[in-house]
Asker: 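One structure is given below, represented as structure tokens, and several questions about it will come after.
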Amino acid sequence: MNAKGQDKMSTTREITLGDAMKEALAEEMRRDEDVFLLGISIRAGTFLYTKGLVDEFGGKRVIDAPLAEPGNFGVAYGAAQEGLRPVLDWMYAGFSYFAGSEVFLQSGQYHFLHGSQHPLPLTMIGTCGVGRRVGNEHATLPYGALIHHPGLKVCLPSTPYDAKGLLKSAIRDNNPVFFLWHTSLMATKGHVPLEDYVVPLGVADVKRAGSDVTVLASGLQLHHSLKAAEALKDEISVEVIDPRSFEPFDLDCLLRSVEKTSRLVIVDEDYERAGFAAEVCALMMEKGYDLLDAPVKRVCHPNMPIPGGYIDAYSMPTPDRIEAAIREVCR
Amino acid sequence: MNAKGQDKMSTTREITLGDAMKEALAEEMRRDEDVFLLGISIRAGTFLYTKGLVDEFGGKRVIDAPLAEPGNFGVAYGAAQEGLRPVLDWMYAGFSYFAGSEVFLQSGQYHFLHGSQHPLPLTMIGTCGVGRRVGNEHATLPYGALIHHPGLKVCLPSTPYDAKGLLKSAIRDNNPVFFLWHTSLMATKGHVPLEDYVVPLGVADVKRAGSDVTVLASGLQLHHSLKAAEALKDEISVEVIDPRSFEPFDLDCLLRSVEKTSRLVIVDEDYERAGFAAEVCALMMEKGYDLLDAPVKRVCHPNMPIPGGYIDAYSMPTPDRIEAAIREVCR
Amino acid sequence: MALNGKQKKLLFTNLVRAHALDRMMMRIIRAGKMVGFYHEGGIALAPGVAAGSFLRQDDAMNPHYRAHGLAHMIGKGVDLRTYVAEHMGRVDGCCKGRSSFHVSFPDHHIFGWSGNIGANFPPCIGYGFAARYRGTDQVVMNCSGDGSYQEGRAHEAMLMSANWKLPHIFWCENNGISQSTAASETFPVQDVSRLAATFEIPALIVDGQDLFACGEAALKAIAHARAGKGPFFVELKTYRSQEHNVGGLNNEGAVTRDPKLMQEWRETLDPVALAAAKLIKQRLYTADEIEQIKADAEREADEIELFCEASPKATPSIDELMNGVYAQ
Amino acid sequence: MALNGKQKKLLFTNLVRAHALDRMMMRIIRAGKMVGFYHEGGIALAPGVAAGSFLRQDDAMNPHYRAHGLAHMIGKGVDLRTYVAEHMGRVDGCCKGRSSFHVSFPDHHIFGWSGNIGANFPPCIGYGFAARYRGTDQVVMNCSGDGSYQEGRAHEAMLMSANWKLPHIFWCENNGISQSTAASETFPVQDVSRLAATFEIPALIVDGQDLFACGEAALKAIAHARAGKGPFFVELKTYRSQEHNVGGLNNEGAVTRDPKLMQEWRETLDPVALAAAKLIKQRLYTADEIEQIKADAEREADEIELFCEASPKATPSIDELMNGVYAQ
Ligand SMILES: Cc1ncc(C[n+]2csc(CCOP(=O)(O)OP(=O)(O)O)c2C)c(N)n1
Ligand SMILES: Cc1ncc(C[n+]2csc(CCOP(=O)(O)OP(=O)(O)O)c2C)c(N)n1
Ligand SMILES: [Mg+2]
Ligand SMILES: [Mg+2]
């Protein structure tokens with residue numbers, strides 16, 4: 001994995017993605033008194049990245065919310081309109097559907113429909129990801145649905161470095177940003193500088209350089225794709241791109257890569273139909289058609305609800321399925 | 001417009017799309033005592049298709065619901081699990097986001113996640129469509145978001161004939177079906193037979209035959225596309241296909257057409273990003289790449305919240321924009 | 001809390017202005033010059049006027065969508081020309097002609113509503129939260145109809161505001177009907193304010209046709225919330241004497257409401273007439289002065305209409321619009 | 001409603017069985033053989049056992065997710081082998097190994113829950129609605145925790161069931177905590193059943209550690225609902241004497257709960273011991289008979305475990321799965 005960014009920094013250490021998120025939250029809260037954190041049982045830390053924050057910042061700024069998703073959204077949305085910079089933790093991103101109207105429609109429309117005159121600095125955090133055997137609401141990756149609805153920004157990091165940098169960008173952004181993280185990556189370790197830095201939203205990252213085929217993948221699937229690329233390294237030179245944010249989406253980075261490789265596989269753990277992968281196919285039609293030597297291929301979760309049990313291990317894209325897809329487009 | 005179906009029937013008359021919907025409801029309620037209708041202020045008939053039904057079927061079967069979208073969903077969902085065949089009217093389809101978790105996740109997942117053992121015969125009705133000057137929630141076309149979530153069926157008629165036939169199919173289906181109708185088409189008239197018939201979900205209809213380019217369009221946009229086709233008729237022979245349902249989607253019909261025309265324009269009034277049009281682009285990549293002589297083109301609502309005021313008349317696809325797109329792919 | 005003469009005069013003047021503007025909105029929509037819906041205020045404007053007349057500019061407000069918050073926002077001091085221009089889709093509209101009737105005035109802490117009834121509740125928790133977070137004494141005036149309290153979002157707002165003792169005023173304008181459904185059909189008990197008792201939120205029931213009773217209730221609720229004593233609930237009983245929205249139905253279930261009854265309500269329950277009579281009796285105004293106030297209000301409405309007519313229709317380019325999706 | 005001896009014995013036997021199965025589930029998850037979560041029942045099984053023991057097969061039930069409805073479903077008569085097999089992702093699972101812990105038994109009118117707390121409320125309105133629609137005397141047993149009543153969906157369910165007088169029993173198992181947050185932190189009043197009063201729903205508060213008090217409340221609630229008198233609310237005060245979910249935290253806010261207090265609860269508030277003592281005192285069972293019931297329950301649990309171990313893991317092909325997305 002590339003270590004972009006770290007080089008310029010004097011000091012880095014290996015920490016987990018969860019700890020990187022915690023650092024982002026703590027640093028932004030120190031930086032700006034208007035930042036506060038709201039979520040169900042976050043003081044205890046259902047997920048480790050909120051654990052201990054209440055000790056530093058107190059109960060006023062780290063708030064255990066009731067079980068009331070629309071209400072909790074409202075706290076964040078209303079406070080953001082009043083000029084605060086709330087961070088709302090949904091625990092599982094799938095729970096945010098309980099406030100579907102607020103999340104999908106109201107948050108993204110507010111600024112634009114009211115004349116683009118007033119910002120909405122609202123960060124939402126939620127975990128997602130297939131493979132934990134618990135099924136649908138606890139696994140649902142809502143980014144395909146989120147980016148369909150204009151006005152939201154949406155990101156999903158694959159490394160601790162990106163997690164910290166994206167979360168800081170999200171909190172400093174004047175728009176609603178849904179920061180997703182993959183449940184299976186919470187304990188993944190990686191280099192993170194000690195210095196303050198951000199990863200801007202809308203800048204993709206070439207996580208592995210290659211020349212025969214481009215693979216676009218996020219979150220856990222970035223790692224699955226790197227595995228597939230590694231397994232194929234003696235046959236096919238695979239470039240692996242991590243969009244990091246789905247909206248804004250760094251189409252230029254992708255087009256530059258496909259200009260070189262002429263082939264594209266999109267790996268997407270979300271439901272296949274009308275999701276992010278479909279959008280990238282459409283963008284390739286519109287902006288990259290002449291670059292392609294073969295049709296773009298999607299490797300996604302099939303169009304069925306995400307099952308629990310032993311099934312989700314293979315219903316999601318696996319390194320094997322990605323490898324097969326790469327071979328297919330390179331035939 | 002083609003009159004498929006009517007030919008075989010002995011008697012047809014011209015009625016509005018709203019009246020066609022009302023006939024579908026009344027006939028299915030007569031046919032099956034388990035069918036009932038629930039919605040906010042449907043006895044009076046906010047939209048004409050429910051007006052008067054309470055006189056025939058009584059207050060037990062035509063129920064004015066409270067302002068409680070998740071609760072109203074629950075009535076329909078629970079009653080369907082208990083074996084009834086509810087029809088839930090959302091009034092504006094955008095209001096269904098108030099029950100986002102229920103509509104997008106729970107309804108489609110129920111059958112599959114619980115072992116594909118128990119049906120969920122649940123019909124939802126909602127109006128949608130840009131161009132009424134009222135903006136977002138009252139205009140949102142939720143089909144792009146709905147089809148992203150597996151397990152739901154979704155349709156949108158463009159004619160009274162299709163409206164009646166699709167609504168009957170929906171009510172007889174053992175799965176959750178979201179029947180959308182376009183607010184601007186309520187008073188559109190067309191031939192509807194007196195005899196019982198259905199339009200199956202998943203069967204597209206060639207609304208105008210042509211040979212140079214295929215246009216795929218639904219609802220109001222089907223009419224806009226027919227206008228564009230007519231305007232171009234001396235230059236370009238346009239085939240216009242109405243998918244009628246987005247899921248199931250009749251890809252075969254589309255591929256047959258593109259086999260002939262080699263060119264495709266998708267017209268979609270919904271938000272562009274990661275919507276139905278994107279999905280069709282992806283399907284063309286995967287299944288129709290070799291058929292194409294030019295990249296597929298999308299004509300959609302741009303990626304901004306649907307505005308009110310005078311803007312929505314041109315933010316949605318117009319016959320002019322469609323015409324331009326057809327010219328472009330035929331260059 | 002008793003009103004002084006100045007307060008009564010302010011309320012009355014604002015009510016007369018609201019009334020004139022509600023009439024003007026009716027003229028505009030009937031002339032086909034309004035974009036989108038209008039939900040007439042009619043004889044139900046007193047609660048809104050009272051809700052807005054004693055707030056500070058920095059107090060947050062969610063106006064009831066009925067009469068599109070006109071009555072509420074008059075007292076709040078927003079620029080009514082841009083309000084009406086927005087309804088006409090003009091470039092001078094407060095939201096650049098994009099919002100239809102979902103107007104907003106962020107400088108006045110009115111952030112605009114959405115198309116969903118009940119969507120008012122969650123944000124108002126946030127306004128109260130922000131006040132508490134910052135330690136200000138801002139209050140939140142959250143106005144909506146009886147129907148909106150059927151939504152689960154109302155429960156969450158009452159629960160959370162009670163729990164955190166937020167300065168949140170639940171201002172329920174109960175006209176006993178939602179669209180075409182009588183409250184008795186969908187709401188199992190008589191008074192919506194019963195919901196408040198569960199959470200130990202103090203509540204008042206007020207005659208919504210009595211402008212001064214509404215005003216007293218507003219003063220009491222605002223004082224309570226401003227003093228940091230937590231949420232307060234005011235239920236204002238009022239009437240819808242016309243169709244739900246202009247051009248829509250005036251039904252209860254399948255039955256059209258009795259036009260005679262509606263007419264009777266308009267005649268006997270007109271809050272302007274009721275308040276005027278009291279003011280004259282209390283010698284706060286003469287009949288002439290009242291006529292003058294009405295004439296001024298008519299003139300204000302006319303001037304606004306002229307201003308809006310002169311403002312061009314907002315038809316920005318798609319590019320310009322796309323540039324406004326995200327804030328910098 | 002007083003319980004007769006037979007009813008007490010049934011409740012006790014079911015509680016002992018539930019207890020043995022809850023222990024067995026703990027063995028399985030600790031051995032890494034369970035898929036997904038388990039939320040231990042511990043000393044909070046009596047309310048669930050009481051909720052299920054007097055229902056008919058055609059009565060609808062939403063079991064509380066705690067102990068994954070084990071206690072509730074025992075009385076309902078579902079095939080517990082397929083219940084456990086589902087938790088182990090086996091082909092004999094009641095949902096073919098797809099549902100994780102969201103099991104369903106449609107023949108028993110248990111339609112499975114979703115992962116969202118509070119998602120139980122809307123469907124239960126529908127079950128009650130269906131009973132009324134068809135004119136049957138089925139009842140709906142809607143079981144969930146105190147936390148779930150913070151969701152707006154609870155409000156809508158109480159409102160609608162009260163409005164339509166549906167046979168809907170709100171069975172609130174109040175352990176004073178949700179995940180790691182004490183109820184006192186998020187819920188402004190002491191008793192959740194206060195919510196019922198708003199809608200004139202009769203309510204009882206019951207000691208959830210007293211199996212027979214729970215049973216009496218269930219009989220009363222069921223009789224009320226079955227007689228067509230509308231909804232009924234039962235709040236059962238109970239305790240969570242262990243972590244929220246197995247391997248998760250046992251916190252209140254940032255603070256770990258006192259292990260000594262937990263231990264004390266387990267010792268003094270064990271509903272099996274409390275009920276056994278009463279039964280012996282009332283000479284309904286001897287100590288030996290009680291030991292026999294416990295031994296039988298252990299055997300049942302062991303047999304189920306063996307059955308599930310023998311069942312192959314469910315790993316159907318994607319094609320097979322895709323064929324199951326829609327019903328015919
Ligand atoms: C979520 C949602 N459901 C339904 C509607 C349709 N609707 C618009 S106004 C209204 C009635 C509101 O009644 P109430 O809150 O009592 O206000 P009133 O009009 O009586 O003043 C309804 C049902 C909506 N806009 N949003
Ligand atoms: C909509 C939603 N929000 C949050 C959660 C996370 N969660 C799972 S169980 C639980 C606590 C539920 O508390 P309660 O209803 O009191 O039941 P208990 O566990 O105490 O028996 C929470 C917050 C969830 N599953 N769904
Ligand atoms: Mg009302
Ligand atoms: Mg609890």
Side-chain angles (χ1 to χ4, degrees), chain B residues 33-36 38 59-61 63-86 88 98-103 105-122 150-153 173-177 201-202 247-248, chain D residues 58 60 62 82 86 93-100 102-107 109-116 118-134 136 138 140 151-153 155-161 163-164 166 314 320-328:
Chain B
E33 294 239 316
D34 287 343
V35 178
F36 69 90
L38 177 88
K60 185 191 151 193
R61 295 180 68 193
I63 304 138
D64 273 354
L67 274 78
E69 282 69 17
N72 292 338
F73 175 91
V75 173
Y77 177 83
Q81 290 178 321
E82 279 286 352
L84 297 175
R85 305 191 79 81
L88 171 60
F98 248 27
S101 184
E102 286 80 357
V103 170
L105 295 177
Q106 203 178 3
S107 64
Q109 86 190 30
Y110 168 69
H111 177 70
F112 172 85
L113 277 197
H114 296 112
S116 306
Q117 53 182 329
H118 195 239
L120 192 71
L122 162 56
L152 284 156
K153 299 185 177 181
D173 203 285
N174 277 330
N175 296 283
V177 182
L201 297 160
E247 171 58 26
Chain D
D58 68 342
N62 181 93
T82 68
E86 185 65 20
C94 56
C95 300
K96 300 192 186 143
R98 296 181 198 169
S99 81
S100 176
H102 309 111
V103 295
S104 77
F105 294 92
D107 290 345
H109 296 255
I110 295 169
F111 299 102
W113 55 92
S114 97
N116 286 28
N120 53 307
F121 292 106
C124 284
I125 318 170
Y127 308 146
F129 179 93
R132 207 191 59 151
Y133 188 89
R134 290 198 165 124
T136 72
Q138 292 160 287
V140 182
E151 297 282 357
R153 276 127 174 115
H155 165 90
E156 297 182 6
M158 285 183 282
L159 187 152
M160 291 170 74
S161 289
N163 189 51
W164 289 332
L166 304 183
E320 187 184 330
L321 291 164
M322 288 298 285
N323 279 332
V325 174
Y326 293 111
Q328 284 313 307

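Note on naming: letters A, B, ... go to the chains in the order of the sequence lines (proteins, then strands), and numbering restarts at 1 for each one.
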Asker: Name the region of B:L120, side chain, backbone, both or neither, that has any atom closer than 4.5 Å to a heavy atom of chain D.
Answerer: neither
Asker: Give, as side chain, backbone, both or neither, the part of B:L38 having an atom under 4.5 angstrom from any heavy atom of chain D.
Answerer: side chain
Asker: Quick one: side chain to side chain contact (heavy atoms under 4.5 Å, CB included) partners of D:A314, sequence neighbours excluded?
Answerer: D:V91, D:P316
Asker: May I ask you to name which of D:Q328, D:K96, D:R134, D:H109 has the most heavy-atom pairs under 4.5 Å with chain B?
Answerer: D:R134
Asker: Considering only heavy atoms and a distance below 4.5 Å, find which of D:Q138, D:H102, D:E156, D:H155 pairs most often with chain B.
Answerer: D:E156
Asker: Taking all heavy atoms of D:R153 and all of B:A99, pick out the closest pair and write down the distance.
Answerer: NH2-CA, 4.2 Å
Asker: For the atom pair CG (D:N323) and OG (B:S116), what is the distance rounded to the nearest 0.5 Å?
Answerer: 9.0 Å
Asker: Over all heavy atoms of both residues, which pair between D:M160 and B:N72 is shortest? Give the atoms and the distance, please.
Answerer: CE-OD1, 3.2 Å
Asker: Name the member of B:F73, B:Y77, B:Y110 that forms the most heavy-atom pairs with chain D at distances under 4.5 Å.
Answerer: B:Y110
Asker: Under a plain distance cut-off of 3.5 Å, with no hydrogens placed, do B:E33 and D:Y133 share a side-chain donor-acceptor pair?
Answerer: no
Asker: Could you report the tightest heavy-atom contact between D:V103 and B:H114, atom names first, then the distance?
Answerer: C-CD2, 4.3 Å
Asker: Looking only at heavy atoms, which two atoms of B:N175 and D:A327 are closest? And how far apart?
Answerer: OD1-N, 2.7 Å
Asker: If you tally heavy-atom pairs under 4.5 Å against chain D, which of B:P150, B:G71, B:P70 wins?
Answerer: B:P70
Asker: Might you point out which heavy atoms bring B:Q106 and D:A119 nearest each other, and give the distance in Å?
Answerer: NE2-O, 4.2 Å
Asker: Identify which part of D:L166 has an atom lying under 4.5 Å from any heavy atom of chain B, answering side chain, backbone, both or neither.
Answerer: neither
Asker: Please round to the nearest 0.5 Å and tell me the distance separating atom NE2 of B:H118 and atom CZ of D:F105.
Answerer: 13.5 Å
Asker: Measure distances from B:P119 to the heavy atoms of chain D and classify the residue's part below 4.5 Å as side chain, backbone, both or neither.
Answerer: both
Asker: Side-chain atoms of residues 121-132 of chain D: list all donor-acceptor pairs with protein atoms under 3.5 Å, sequence neighbours left out, distances to 0.1 Å.
Answerer:
{"residue": "D:Y127", "atom": "OH", "partner": "B:Q81", "partner atom": "OE1", "Å": "2.6"}
{"residue": "D:R132", "atom": "NH1", "partner": "D:W164", "partner atom": "O", "Å": "3.3"}

Asker: Centroid separation under 6.0 Å, is that true for the rings of B:H111 and D:Y326?
Answerer: no
Asker: Give me the atom names and distance for the closest heavy-atom approach of B:Q109 to D:S114.
Answerer: NE2-CB, 4.2 Å
Asker: For chain B, find which of D:C95, D:G93, D:G152 contributes the most heavy-atom pairs closer than 4.5 angstrom.
Answerer: D:C95
Asker: Heavy-atom cut-off 4.5 Å, strictly under: side chain, backbone, both or neither for B:E82 against chain D?
Answerer: both
